Q: 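Below: one structure in structure tokens.
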Amino acid sequence: DTEVTQTPKHLVMGMTNKKSLKCEQHMGHRAMYWYKQKAKKPPELMFVYSYEKLSINESVPSRFSPECPNSSLLNLHLHALQPEDSALYLCASSQPQGTFSYEQYFGPGTRLTVT
Amino acid sequence: AQTVTQSQPEMSVQEAETVTLSCTYDTSESDYYLFWYKQPPSRQMILVIRQEAYKQQNATENRFSVNFQKAAKSFSLKISDSQLGDAAMYFCASNTGTASKLTFGTGTRLQVTL
């Protein structure tokens, strides 16, 4: 079952709100990712978790806070966002092989609008 | 650092015809993987095909095949017998062992016409 699920599908939030995006995979993968994608652009990597530990933070502003409660779940906590943070947020997972990870499987994304 | 270049912002193909999408990459790594992802209007990124750099044989997946030219650092995707459902944005991507990061090209939007 090559499925990554994300909730919610759509989210509208004000700049003072706090919300969370959720991602879940049941493929036994031990690496999980958050990407941000603007329209007509490729995804931009935000965070990587490997074996439930944060291994990469691509200099993302602190208003985005990732969390990996267990090997199947990945959250992205949002607080005090700006309108320019409106985008499609994609979650992905992959199976590490030593220091390597092969193909990543993506969820359907959460379309976030910040008003 | 890796770079991936897709020089065709848009392509068009008639249904049942064949189309080739181009991709070039640059990496100093000896061990890497190359991928083509498809992103239809629904926006879900779908893995189409992958190629291991150490394999000389070109990967194939049903109607999708690649032409991997390692010396030229070229990795093109051929879609045979194009179908309306193939219409999407196609991203070429590379992955080296370093930190498991995918580097994406800018994408090629494929239109399929009747």
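Below, read A as the first sequence line, B as the second, and so on, with proteins coming before strands; counting in each chain starts at 1. Because the structure is a prediction, the values reported are computed rather than measured.
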Q: Do you reckon A/Leu54 sits in the same ILVMFWY cluster as A/Met32, going by side-chain contacts under 4.5 Å, direct or chained?
A: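 Same cluster.
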
Q: In Å, rounded to the nearest 0.5 Å, how long is the span from CD of A/Gln37 to CZ of B/Phe91?
A: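 Going from CD on A/Gln37 over to CZ on B/Phe91, the span is 5.0 Å.
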
Q: If you compare all heavy atoms of B/Tyr37 against all heavy atoms of A/Gln104, which two are closest, and at what distance to 0.1 Å?
A: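 Answer, listing the atom of B/Tyr37 first, then A/Gln104: OH-O, 2.7 Å.
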
Q: Could you name the residues of residues 72-82 of chain A that have a heavy atom within less than 4.5 Å of a heavy atom in chain B?
A: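 When heavy atoms of chain B are the reference, residues 72-82 of chain A contributes no residue within the under-4.5 Å range.
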
Q: Should we say atom NZ of A/Lys38 is surrounded by more than 12 heavy atoms from elsewhere, each under 6.0 Å from it?
A: yes

Q: Check for me, please, whether A/Leu21 and A/Leu90 land in the same ILVMFWY cluster - side-chain distances under 4.5 Å, paths through other members count.
A: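 No.
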
Q: Would you say CD of A/Glu84 has more than 12 non-hydrogen atoms from neighbouring residues, nucleotides or ligands within 6.0 angstrom?
A: yes

Q: Is it true that atom NZ of B/Lys70 has more than 12 heavy atoms of other residues, nucleotides or ligands lying nearer than 6.0 Å?
A: yes

Q: Under 4.5 Å from any heavy atom of chain A, what part of B/Gln39 do you find: side chain, backbone, both or neither?
A: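 Contact with chain A involves the side chain of B/Gln39 alone.
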
Q: Answer with yes or no whether the hydrophobic clustering places B/Met45 together with A/Met46; edges join I, L, V, M, F, W, Y residues whose side-chain heavy atoms lie under 4.5 Å apart.
A: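 In one cluster: no.
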
Q: Of the listed residues (A/Pro108, A/Ala92, A/Ser50), which shares the most heavy-atom pairs with chain B below a 4.5 Å separation?
A: A/Pro108

Q: Going from CD on A/Gln6 to CD on B/Gln44, what distance comes out if it is rounded to the nearest 0.5 angstrom?
A: 8.0 Å

Q: When you group the ILVMFWY residues by side-chain heavy-atom contacts below 4.5 Å and let the links chain together, are A/Leu45 and A/Tyr49 in the same group?
A: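 No, A/Tyr49 does not connect to A/Leu45 through the hydrophobic network.
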
Q: Are A/Glu103 and B/Phe35 close enough, and set up right, to give a side-chain contact (heavy atoms from CB on, under 4.5 Å), and what steps lead you there?
A: CA-CA 8 Å; A/Glu103 59 269 24; B/Phe35 308 95; 3.5 Å; yes

Q: Restricting to non-hydrogen atoms, name the atom on A/Pro42 and the atom on B/Gly105 that form the minimum distance, rounded to 0.1 Å.
A: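 Taking A/Pro42 first and B/Gly105 second, the nearest heavy atoms are CB-O, 3.3 Å.
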
Q: I need the minimum non-hydrogen distance between A/Ala39 and B/Arg43, along with the two atoms involved.
A: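 Looks like CA-NH2, 4.4 Å.
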
Q: Quick one: pull up CG in B/Leu102 and OG in A/Ser94 and give me the separation to the nearest 0.5 Å.
A: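 Reported to 0.5 Å precision, the distance equals 8.0 Å.
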
Q: Check for me, please, whether B/Leu47 and A/Trp34 land in the same ILVMFWY cluster - side-chain distances under 4.5 Å, paths through other members count.
A: no

Q: Give a yes or no on this: more than 12 heavy atoms of other residues, nucleotides or ligands lie within 6.0 Å of atom NZ of A/Lys19.
A: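 Atom NZ in A/Lys19 is not packed in, count stays at 12 or less.
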
Q: Quick one: which residues of residues 58-71 of chain A reach chain B at under 4.5 angstrom, heavy atoms only?
A: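 A/Glu58, listed by number.
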
